[in-house]
Every structure is written in structure tokens, then in C-alpha cells.
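Quick note: residue numbers are just sequence positions, from 1.
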Amino acid sequence: MLTETEVRAIKPVRYARKVSDGGGLYLLVTPKGGRCWRYAYRFAQKQKTLALGIYPDVSIERARSRHEFARNLLAHGLDPSALKAALGKHTFAATILEWEKARGDRSALPLRSHARNRADQAAC
């Protein structure tokens with residue numbers, strides 16, 4: 001499992017690479033320095049990927065909480081990517097936030113706002 005210090009110390013290289021946190025959760029590090037949380041899973045015999053947010057806007061704790069939420073959906077027979085597409089990105093994020101609050105999760109605190117480079121956003 002990754003620590004905050006390890007994530008900050010990851011440097012970009014010439015190619016996009018995945019740094020695993022376990023259970024299908026990984027940090028995608030792009031050549032331009034973008035860092036995106038992703039969850040790789042299988043649903044209906046197909047490999048799928050769910051974007052969970054951009055680091056540092058989404059901390060390790062929040063990414064792990066979102067990962068747990070997606071795994072919970074899979075356990076109940078729902079495809080997280082299809083649900084995100086059906087609900088819309090913002091409604092899906094609000095659903096995750098409500099789930100975190102119901103669990104009493106500390107990561108349910110409001111997000112802090114960061115100015116991000118457009119190239120980093122597009123790369124993730």
C-alpha cells in the first residue's frame with residue numbers, strides 16, 4: 001500500500017506507468033506529470049477501468065474510499081462505470097460522498113480547490 005510520501009516522490013518518466021496500491025487501485029502517472037487514481041476491475045468477463053480522481057485533489061484516503069465504494073457496487077452486481085455514465089459524473093460523486101458520510105468516513109470532508117494545468121486534466 002502506498003503512503004502519501006511515496007506518492008509525492010513518484011517522478012514522471014517517458015511513458016505512462018501504473019503504481020499499484022492493491023486490489024485493482026492504482027495511480028496512473030503520465031509523462032507530463034499528471035497523476036490519476038484508477039480502479040481496474042472485471043465485469044461481465046470484460047476488463048474495465050474506472051477513473052476515481054486526480055491527485056492531489058483526491059487524496060489516498062479518498063481514493064481508497066471511492067475504491068471501496070466501487071468494490072461494494074461490484075459485490076452487489078452493479079457495474080460502477082455504467083452507473084457513473086447513467087447518473088452523470090457529478091451525481092455519481094455526490095453518491096460517493098453520501099456513502100462516505102453514512103460510514104462516518106473522515107475523507108468525506110469537503111474537497112479543497114486546486115488550480116490544475118489543463119494538460120494534466122486532459123492526460124488523465
request  = Would you check if Val7 and Ile60 make a side-chain contact, meaning some heavy-atom pair closer than 4.5 Å?
outcome  = yes

task = Output yes when a side-chain donor or acceptor of Arg35 lies under 3.5 Å from a complementary backbone atom of Ile10, and no otherwise.
result = yes

Nearest-0.5 Å distance that lies between atom OH in Tyr39 and atom CZ in Phe69 = 12.5 Å

request  = Run the numbers on Thr49 and Tyr26 for side-chain contact (heavy atoms from CB on, under 4.5 Å), then give the verdict.
outcome  = CA-CA 10 Å; Thr49 303; Tyr26 64 91; 3.6 Å; yes

key: Any pair counted as salt bridge (charged side-chain N to carboxylate O under 4.0 Å, His left out), so long as it reaches residues 43-55, sequence neighbours left out   = Lys48-Asp79

inquiry  = As an exercise, state the distance from CG of Leu74 to CZ of Arg42, rounded to the nearest 0.5 Å.
reply    = 12.0 Å

task = Determine the minimum heavy-atom distance between Leu2 and Glu6, stating which atoms define it.
result = CA-OE1, 3.3 Å

task = Return yes if some donor-acceptor pair links the side-chain N/O of His67 with the main-chain N/O of Gly23 below 3.5 Å, else return no.
result = yes

key: Trp37 side chain reached by Leu27 side chain, heavy atoms, under 4.5 Å   = yes

ask   = Roughly how far apart are Leu78 CG and Asn72 CG, rounded to 0.5 Å?
value = 9.5 Å

ask   = Heavy-atom distance under 4.5 Å between the side chains of Arg38 and Lys18, does that happen here?
value = no

query = If you look at every heavy atom in Pro12 and Pro31, which pair is closest and at what distance?
reply = CB-O, 3.6 Å

List the atom pairs, donor and acceptor, that lie under 3.5 Å between side-chain atoms in residues 80-90 and the rest of the protein, sequence neighbours left out.
| unit_1 | atom_1 | unit_2 | atom_2 | d |
| --- | --- | --- | --- | --- |
| Ser81 | OG | Tyr41 | OH | 2.8 |
| Lys84 | NZ | Ala51 | O | 3.0 |

query = Got a second to check how far Arg71's CZ is from Leu50's CG, nearest 0.5 Å?
reply = 13.0 Å

request  = Mark yes or no for whether Asp21, through its side chain, and Met1, through its backbone, hold a donor-acceptor pair below 3.5 Å.
outcome  = no

request  = Ignoring hydrogens and angles, tell me if any N or O in the side chain of Glu98 forms a donor-acceptor pair with the backbone of Thr95 under 3.5 Å.
outcome  = no

inquiry  = Closer than 3.5 angstrom, by distance alone: can the side chain of Ser65 be matched with the main-chain N or O of Glu61 as a donor-acceptor pair?
reply    = no

Rounded distance [0.5 Å steps], CD in Glu100 versus CZ in Arg66 = 6.5 Å

Sequence-distant partners of Glu4, side chain to side chain donor-acceptor pair (under 3.5 Å), two or more places apart = Tyr55

message = Return the OG1 to CD1 distance between Thr91 and Ile96, rounded to the nearest 0.5 Å.
response = 11.5 Å

